[in-house]
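Only this structure's heavy atoms are used, side chains among them; waters, hydrogens and symmetry mates stay out. Order of the sequence lines fixes the chain letters, A, B, ..., with proteins taken first and strands second; residue numbering starts at 1 for each chain.
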Amino acid sequence: MRLPSYRYRAPKTVEDAASWLAESPGDTMLLAGGTDLIPNMKRRQQVPATVIGLRGIAALSRLDTREGTDIGAGVTLTTLVRDERIRSKYQGLWQSAAQIATPLLRNMGTIGGNICLDTRCTYYDQSFEWRQAINFCMKKDGETCWVATSSDRCLAVSSTDAAPALMALGATVRLVSALGTRDLALGGLYANDGMSYLTRRPDEILTTVHLPEPAGWRSTYWKLRRRGSFDFPVASVAAAARFDGDRIIEARIVLGAVASCPLDVPAAGTRLAGQVLTDDLIAAVADDAYALAKPMDNTDFELVWRKKTVRSLVASALRELRGDDMREARVRLARHPLLVVS
Amino acid sequence: MKLRLTFTVNGEPAEALVDPDKTLLEVLREDLQLTGTKHGCELGECGACAVLVDGQPLLSCLVVSHECQGRSVVTVEGLTVDGRLHPLQECFADLGASQCGYCTPGILIAAKALLDREPHPTRDLIREALSGNLCRCTGYQQILDAVEAAIVRPGHASARDGRGGQS
Ligand SMILES: Cc1cc2nc3c(=O)[nH]c(=O)nc-3n(C[C@H](O)[C@H](O)[C@H](O)COP(=O)(O)OP(=O)(O)OC[C@H]3O[C@@H](n4cnc5c(N)ncnc54)[C@H](O)[C@@H]3O)c2cc1C
Ligand code: SF4
Ligand code: FES
Ligand code: FES
C-alpha cells in the first residue's frame, strides 16, 4: 500500500505552521507522529494535498509541570508515560496513555495526535478497494451509513484513550491559528458526529494541553479491548474525584468509545458531590453511565454486551477511587500488569 | 521530483535519490537494498518493519522519507558487526526463536532497544517491550526465552556502540 502523492512542508515555528496552514486549510493536514494519518492516507481515507510536518517545532515538545501541567501537543506518549510527575499526579492519564497502541507506536504517537485521532468504524478503516466494493460510506466518498442506513450522520467511534482521561482531569487545550489564539475546555473540542468530530477549525493547530494542579484529586482509567497486548478501546471509563477525607467534593466521569466523542456523564458530578462512595451510590452512578452509553455495531465485540460493560467499568473505576484494591481485577481485564520500560 | 535524502544508515553516511512519497521502509528495501527489515501490514499493526531511528525503535512503514533527513537509522543488518552476530541474534538462533523468520528483524530491533535502556529486564518487561511485534509461528515463548538468554550472554553489555545506543 503506497502513500498517495502530497506536498510536504516542515515549519520550525508554530507561527509558520499557522500561516502555511491558512494558505489552504481545506486540503492541508498536520502530521505529528503519523500513526493515525499515515495509515489513513495509505487507505485513501484522508488524502491531503499538503502535509505539514510538526516534528521540527521544538516548542510543541515541551512538558512543563511548574504550574499545573502544560503538555505540548508534540510530546510523545512514551515521554508522557516515562514521566514520573505525570504518573504520580495524574494516574488516570498515565493509565490511559500506557494502554495506547504499542511501545513502538507510543515512541511515535503524540498527545496532540491522540486528541485529534480520526473516529473509527468497521466500514471505514479498510483499504480503498474494500471500501470501493461497498460503494464507500458517508464518511468518505459515499452517501450511505452502513451502520445505520437511515442515519443522517456518521456514527464512527471516538477511539482516543487519552481524551477521556484528560477531560476527567479538567484539561483545557490551546488552539492557534493565523488569526489568533483560543483556549477551551477539552470537552468543547469535541462534537458527537463521526465526520465533524472536532470543533477545531481546519486552520487551527492544537499547541498545548493544560492540566490544573491535582491537589486532592484522584483519577483512574479503565479500558476494555480485545487483546491484552494492544487494541483500540471498545469501551472505556475515566473517572476523577476531589476528596476531603472519604467525602467527594467534586467528580467527573467521561466515557470513551461509546459515541462519536468522549462522553461526559453529567449525572455523575451531581450525584457524587458531597457524598461518601457507598456500594449503592456506585451502582447508581454506574446506571447513569450505562443509560448514556450508545455503542454502535461498528467496532469489535457485540454492542449490547459492550454497553453492559460500561456499568462494570464505571463501578471498577469508582471502587479504585474509593481505595479498594483493584489490582487483581485490573490484571484480569488487561491480562497483564500495566508496565512501561522506563 | 525526487527527494535527495542524506542520513546515516547502520553507522555509515547514506545518500539516496528517492520518490518523495516513499516511507522509510520502502527507501530501505527498494533504494538501499536493505531487505532485512520486513514489509508486513504497512499500517503499524505488526512490528515487522521496526528500525532504530536516533536510537528509538520506530515503525518504518509509518515514517515518511522527508522526516528521515539527517537522522540515524539502524536496521537489523546493523546488529551484526564484522560478521559477528549480536548476542540477541545468537540466542534467537540457538533457542529456536525464529521459525519463518518474518517477525525476527523487528523483534530483534525492539529487543535491542529494550536492552539498551534496561540491561536486566524482567520477563514481564520483555513481554511489554515486544507487545507491538506479532509472531504467527513461535507462540512467543522461545522469543522471550531468547531475550532472557541474551541478557547474560557475553558481549551484550558492549553491544555495538555508537550504533543506535540510547539517545
Ligand atoms: C495498530 C494501532 C493501534 C492503536 N491503538 C490505539 C489505542 O489503543 N488507543 C488510542 O487512543 N490510539 C491508538 N492508535 C492511534 C494512534 O497511534 C494514537 O492515537 C496516537 O497518539 C496518534 O498520534 P500521532 O501523533 O501519531 O497522530 P497523527 O497521525 O500525526 O495525527 C492524527 C490526527 O491528528 C491531527 N493532528 C496531529 N497533531 C495535531 C495538532 N498539533 N493540531 C491539530 N491537529 C493535529 C492530524 O492531522 C491527524 O488528523 C493506534 C494506532 C495503530 C496504528
Ligand atoms: S458510521 Fe456509517 S458513515 Fe460513519 S464510517 Fe461507519 S459506515 Fe461510514
Ligand atoms: S509493516 Fe510496519 S507495523 Fe507492520
Ligand atoms: S517466526 Fe514466523 S512470524 Fe515469527
Do Arg2(A) and Glu30(B) meet the salt-bridge criterion of a basic N to acidic O distance under 4.0 Å?
yes
Using 0.5 Å steps for rounding, measure from the CG atom of Leu58(B) to the OG1 atom of Thr35(A).
11.0 Å
Using atom types as modelled and distance alone, determine if a side-chain donor or acceptor of Glu128(B) lies under 3.5 Å from a backbone N or O of Val340(A).
no
Taking C-beta and beyond as the side chain, do Leu59(B) and Asn107(A) meet within less than 4.5 Å on heavy atoms?
no
Quick check on the interface: out of Leu114(B), Val64(B), Leu43(B), Val63(B), who has the most heavy-atom pairs with chain A under 4.5 Å?
Leu43(B)
Taking the side chain as everything from C-beta on, heavy atoms only, tell me whether Asp124(B) gets closer than 4.5 Å to Pro337(A).
yes
Could you tell me whether the side chain of Arg117(B) and the main chain of Ser342(A) form a donor-acceptor pair under 3.5 Å?
yes
Heavy-atom closest pair, residues Ala129(B) and Pro103(A)
O-CG, 4.0 Å
Would you say the side-chain atoms of Lys42(A) pair up with the backbone N or O of Glu42(B), donor to acceptor, closer than 3.5 Å?
yes
Mind checking the CZ-OG spacing from Arg227(A) to Ser131(B)? Nearest 0.5 Å is all I need.
10.0 Å
How many angstroms lie between atom CZ of Arg71(B) and atom CZ of Arg55(A), to the nearest 0.5 angstrom?
3.0 Å
Side-chain donor/acceptor of Asp21(B) to backbone N/O of Leu3(A), under 3.5 Å:
no
Show the nearest heavy-atom pair for residues Leu104(A) and Gly132(B), with the distance to one decimal.
CD1-O, 4.2 Å
Heavy atoms, side chains only, cut-off 4.5 Å: are Glu67(B) and Leu31(A) in contact?
yes
Quick one, Met108(A) and Leu62(B) - any side-chain contact, counting heavy atoms below 4.5 Å?
yes
Side chain, backbone, both or neither: which part of Pro4(A) has a heavy atom under 4.5 Å from chain B?
backbone
What distance separates Ser229(A) OG from Leu134(B) CG, expressed to the nearest 0.5 Å?
7.0 Å
Option that, when pairs with chain A are counted at under 4.5 Å, heavy atom only, ranks first among Lys22(B), Glu45(B), Glu26(B)
Glu26(B)
I'd like to verify something: which residue of Ala50(B), Cys61(B), Pro20(B), Ala110(B) has the highest number of heavy-atom pairs under 4.5 Å with chain A?
Cys61(B)
